[in-house]
Student: 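Pasting a structure below so you can have a look.
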Amino acid sequence: MSNKKIAILTDIHGNLLLLNAVLEELKKENIDDYIFCGDSITDGFDNEKILNKIKSLTSNVILGNREKSILEYDNKSWQNKKQWKSMLYTYNSLSKENLDYLKTLNIYKIITINNVKICISHGSPYNVRDLVCFNSYEIFDKLIADFNCDIYLFGHTHKEYMTKYKDKLFINTGTLSLPTNNKAVSTYGILTIDEKDIKYTLKEYKYDFKKIKEYYCNSDYHKICNEWCNLILYTLKYGIDYSNIFIEFLNKYCNNDEEKKNQLWEETFKEFMQKNNLEIL
Ligand SMILES: [Mn+2]
């Protein structure tokens, strides 16, 4: 049985620049296969190219909450709603071929490599939006009972960890493009599996923010989805989850009222940026 080296990538969120940069780094590693743990698209503009790339690399791909939202879109509720501009941008940018490709994906997948059973999911195999952390032992116990795998892979939280529990590995490789640990880096993982041993390494890729800024600011996404694009850019610059922090800030005024969110979107965004001393790009 030969060594197998597997690269694990998650939460690419539409950033082809970082996907390509990390794939370039992985060329040095002699990777045998890839695993993608969801949220590959939305929040950026290269959604088509990313799906084409992923499809060409592997079949170890599952749905994140972002892909699931795209698939469940009713073709009307995001129209003329500023808070949904970015999601609508992604939906409109996808070809029928790639929408059909997304329909073939499940929210979890179990694969076997050198007799090691790996469960791939985004939130969890139960729900794409589950938040599984390094110490979610109750969920770990349920997963062991329900799926009997050796390794469980997650995405979604953008927080990397590796927990060994009851002789199983529970791993989140973080995120390629929306860091949250006050660190402007992409994180991904490499699993090496041979007959007797499983080795896991977390990798960091330090990107040049200037290039990221150029990449976004030269796109039509920056014009069409300017507010969201700014929040994504500052998340990348500082490793602070500005998009979620902004949504919480907006919700204080809107109580999840969709019409109010639409009305207050722009002025609340300006207020938010000012309060955080962030210049609008
Ligand atoms: Mn997610």
Side-chain angles (χ1 to χ4, degrees), residues 7-16 18-19 22 34-47 50-51 53-54 60-73 78 83-91 93-94 98-99 101-103 105-109 118-134 136 139 143 152-162 170-181 183 185-189 202 221 225 228-229 231-236 239-248 250-251 256:
I8 309 157
L9 288 77
T10 192
D11 295 76
I12 300 161
H13 287 278
N15 194 322
L16 184 68
L18 285 175
L19 174 60
V22 166
Y34 296 82
I35 294 174
F36 289 90
C37 300
D39 277 13
S40 305
I41 55 167
T42 75
D43 311 300
F45 51 94
D46 270 326
N47 304 290
I50 284 169
L51 290 181
K53 188 84 205 174
I54 289 175
N60 301 328
V61 185
I62 47 98
L63 296 172
N65 53 297
R66 294 304 218 188
E67 288 89 354
K68 201 159 180 283
S69 298
I70 293 288
L71 284 178
E72 288 167 354
Y73 181 48
W78 297 344
Q83 68 270 33
W84 292 107
K85 267 189 297 189
S86 176
M87 289 298 285
L88 191 60
Y89 181 100
T90 300
Y91 183 80
S93 73
L94 291 178
N98 273 330
L99 281 171
Y101 164 66
L102 290 179
K103 283 178 201 159
L105 304 177
N106 205 334
I107 69 161
Y108 75 92
K109 184 169 182 163
I118 305 174
C119 178
I120 311 164
S121 67
H122 184 66
S124 83
Y126 310 111
N127 190 313
V128 283
R129 288 188 175 78
D130 274 349
L131 299 166
V132 178
C133 306
F134 72 97
S136 298
I139 299 174
L143 286 166
Y152 298 84
L153 301 177
F154 311 94
H156 192 51
T157 62
H158 301 184
K159 299 220 181 292
E160 71 275 12
Y161 60 81
M162 195 274 277
F170 298 83
I171 295 171
N172 189 320
T173 64
T175 171
L176 240 61
S177 71
L178 292 173
T180 59
N181 296 331
K183 240 172 133 184
V185 293
S186 302
T187 55
Y188 57 100
L202 181 80
Y221 181 76
C225 307
W228 200 251
C229 187
L231 296 164
I232 298 295
L233 274 170
Y234 281 110
T235 299
L236 279 154
I240 296 169
D241 192 3
Y242 281 116
S243 35
N244 273 321
I245 300 168
F246 171 67
I247 292 299
E248 275 171 34
L250 180 69
N251 267 328
N256 268 320

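Read the numbers this way: they start at 1 and go in the same order the structure lists the ligands and their atoms.
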Student: Is Ile62 close to Leu105 at the side-chain level, that is, under 4.5 Å between some pair of heavy atoms?
Tutor: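 Leu105 does not reach Ile62 side chain to side chain.
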Student: Decide if atom NZ of Lys159 counts as having more than 12 heavy atoms of other residues, nucleotides or ligands within a radius under 6.0 Å.
Tutor: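 Above 12, so yes.
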Student: Among the N/O/S atoms of Asp39, which is closest to the Mn ion (ligand 1)? Give the atom name.
Tutor: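 The atom in question is OD2.
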Student: Looking only at N, O or S atoms in His122, which is nearest to the Mn ion (ligand 1)?
Tutor: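 Closest to the Mn ion (ligand 1) among those atoms: NE2.
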Student: Please lay out, stage by stage, how Tyr152 and Ser121 fare under the test side-chain hydrogen bond (donor to acceptor under 3.5 Å, both in side chains).
Tutor: CA-CA 8 Å; Tyr152 298 84; Ser121 67; over 6 Å; no
Student: Taking side-chain hydrogen bond (donor to acceptor under 3.5 Å, both in side chains) as the criterion, tell me which of Asp11, Thr10, Thr157 meets it with Asn172.
Tutor: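 Among Asp11, Thr10, Thr157, the one meeting side-chain hydrogen bond (donor to acceptor under 3.5 Å, both in side chains) with Asn172 is Thr157.
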Student: Does any N, O or S atom of Asn65, backbone or side chain, fall under 2.8 Å from the Mn ion (ligand 1)?
Tutor: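 True for Asn65.
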Student: Can an N, O or S atom be found in His158 less than 2.8 Å away from the Mn ion (ligand 1)?
Tutor: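 Of the N, O and S atoms in His158, none lies under 2.8 Å from the Mn ion (ligand 1), which means no.
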Student: If you check every N/O/S atom of His156, which is the one nearest the Mn ion (ligand 1)?
Tutor: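 Of the nitrogen, oxygen and sulfur atoms in His156, the Mn ion (ligand 1) lies nearest to ND1.
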Student: Any side-chain heavy-atom pair from Leu94 and Leu102 closer than 4.5 angstrom?
Tutor: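 Leu94 reaches Leu102 side chain to side chain.
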